[in-house]
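Everything below concerns the one structure shown next.
Because the structure is predicted, anything quoted here is derived from the model rather than measured.
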Amino acid sequence: MDLFGAKEHDARHDAVEQQLRSLVEQMAQLTIELGEARADISRLQAQLDGKLDAPDPDAMDAELADARAKLGAAKAASEEAWSDIYPQLLTSLGKVRDAIDSAGAKGSESTDE
C-alpha cells in the first residue's frame with residue numbers, strides 16, 4: 001500500500017524524464033540538421049560567388065554593342081543584295097510565265113487537230 005503517493009510521484013517523474021530525454025534528442029537532431037544546412041548554404045554561397053564574378057557586365061555590354069553593329073551591317077548588305085537581285089528575279093519569273101503560257105498555247109493547238 002502506498003500511503004504517501006510515492007509510486008504516483010515516481011511514475012510522473014519517469015514520464016517527465018522520458019519527455020525531457022525525447023526533447024534533448026530532438027534538440028540534438030535539430031542541431032545536427034542546422035549544421036548541415038549551414039554547410040549547404042556555405043557551399044551554395046561559394047558557388048554563387050564564383051558565378052557572379054565570372055562575367056563582367058561592362059565587357060558583356062561591349063560585346064553586345066559589337067554584335068548589334070555587325071547585325072546592322074549584315075542587314076544593310078542583305079538589303080543591298082536584295083535590291084540587286086529583285087529586278088533579275090522579276091525578269092526570270094516573267095520568262096517562266098511566258099514559257100508556260102506558250103507551252104499551254106502549243107498544247108491546246110495540238111489537241112484541236
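Placement of M27 and L34 in two distinct hydrophobic clusters is found when ILVMFWY residues are connected by side-chain heavy-atom separations under 4.5 Å, directly or transitively. When hydrophobic clusters are built by joining Ile, Leu, Val, Met, Phe, Trp and Tyr residues whose side-chain heavy atoms come closer than 4.5 Å, directly or via intermediates, L90 is not grouped with I100.
With rounding to the nearest 0.5 angstrom, the CG atom of L23 is 10.5 Å from the CG atom of L30. If you take CG on D40 and CD on Q45, they are separated by 13.0 Å, rounding to the nearest 0.5 Å. If you take NE2 on H13 and CG on L20, they are separated by 10.0 Å, rounding to the nearest 0.5 Å. One finds the CG atom of L93 at 11.0 Å from the CG atom of D98 (value rounded to the nearest 0.5 Å). The distance from atom CZ of R68 to atom CD of E63, rounded to the nearest 0.5 Å, is 13.0 Å.
No side-chain heavy atom of T91 sits under 4.5 Å from any side-chain heavy atom of Y86. Using a 4.5 Å cut-off on side-chain heavy atoms (C-beta onward), Q29 and E25 make no contact.
A donor-acceptor contact shorter than 3.5 Å is absent between the side chain of S22 and the backbone of Q18.
The residues D66 and K70 are annotated as salt-bridged, a charged nitrogen and a carboxylate oxygen being separated by less than 4.0 angstrom.
Atom CD of E79 has more than 12 heavy atoms from other residues, nucleotides or ligands within 6.0 Å.
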